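In listed order, ligands and their atoms are each counted from 1. Since the model is a prediction, treat every value here as computed from it, not as a measurement. Excluded from the calculations below are hydrogen atoms, water molecules and symmetry mates; all remaining heavy atoms, backbone and side chain alike, are included.
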Amino acid sequence: MKPSPFTRLAVALGILLSVGLAAGAARAAPIVVKFSHVVAEKTPKGQGALKFKELAEAALPGKVEVQVFPNSQLFGDGKEMEALLLGDVQIIAPSLSKFDRYTKKLQIFDLPFMFDDMDAVDRFQSSPAGQALLDSMKTKGIKGLAYWHNGLKQLSTNKDKLTRPEDVKGLKFRIQASDVLEAQFRQLGANPQKLAFSEVYQALQTGVVDGQENTWSNIYSQKIHEVQKTIAVTNHGAIDYMVIANAAWWDSLPDDVRAGLQKAMAGATAYANKLAADINDRDRQRIADAGEAKIQELSKRDVAAWREAVRPVWSKFQDQIGEDLIAKARASNGD
Ligand code: LMR
């Protein structure tokens, strides 16, 4: 039977309507930005990621949806870089110690006692040399968007005495995936073991390792102080982050979206970096109040002994990092 003109009209209208709806839906679908990280939400990075979501969604209403996955929920630190390059997530913020497979330049941040304090770290990151490092992995498909602070590292063990470099001889330490950190512990006569962040607590609890190094906020939020006896205030290095995006994805964004995300990132960076020191001070106090691990202050002489003991690590990596970059980083200390 031939369809009546009325039926034909109804079918045509139906097709038009569904094409129109589909186009509208395509226009309305927000770009989903998955931001994965390995730490707790109440840390500097956790807070920065949430601020980025808030600012990005406010700047680009209906255009982007930022989904934040904290606590290694999606992947641990061993997998997140791969996931970024595969496009499974769009933004991650690994610690600067986790890039040595992609660039040797960022090893500058792991040289022990390179920076006197976080102001020096900030000065170096903001300098032309520091900013240039954000683009040092472009050929690997990685776009650096910003540096985020955490803070200075402290050393902890399951022993009562932890004041001198010789106190860690023969002990096993969990380290991040960094050849410089591996060399640092070998230099001290200790045994480093690269382990994912999510495994630290259990490795300490079960005695797979005796100690670790991290910031106050990471120690507190992972309950590391509950499975360690002593935390020495060594301030021997920094844990900071590079917030990175999949470069192909970043370049493919509509201009207004990229600009909006960039602005949100600048806002989140300022926010997180201002907060980082307070969060670490707060968590140091909480660790002290908990009364589990002892916080061991070090004398100037003791700190000098640690500095001296790990100094040979610098020359081991100076060719890979470049003497010029090392000189620039040192100059940020103002000495
Ligand atoms: C670590 O693995 O100890 C840190 O890099 C974790 C982090 O992201 O702060």
Quiz item: Protein residues near ligand 1, heavy-atom distance below 4.0 Å?
Solution: Val38, Val39, Lys45, Asp77, Ser95, Lys98, Arg174, Gln176, Phe197, Asn214, Asn218, Tyr241
Quiz prompt | Gln176 side-chain N/O to Ser97 backbone N/O, donor-acceptor pair under 3.5 Å | solution = no
Exercise. Not counting sequence neighbours, which residues clear salt bridge (charged side-chain N to carboxylate O under 4.0 Å, His left out) with Lys316? List them please.
Key: none
Exercise. Taking Ser95 for its side chain and Ile239 for its backbone only, find out whether a donor-acceptor pair lies under 3.5 Å.
Key: no
Quiz prompt | Listed once per pair and sorted, the salt bridge (charged side-chain N to carboxylate O under 4.0 Å, His left out) pairs that draw on residues 80-91, sequence neighbours left out | solution = none
Quiz item: Within 45 degrees of the axis of the six-membered ring of Tyr271 and under 6.0 Å from its centre: does Lys51 put its NZ or CZ there?
Solution: yes
Quiz item: So which pairs with a foot in residues 196-214 pass side-chain hydrogen bond (donor to acceptor under 3.5 Å, both in side chains), sequence neighbours left out?
Solution: Lys153-Glu213, Ser156-Gln212, Asn158-Asp210, Gln184-Glu213, Glu213-His236, Asn214-Asn218
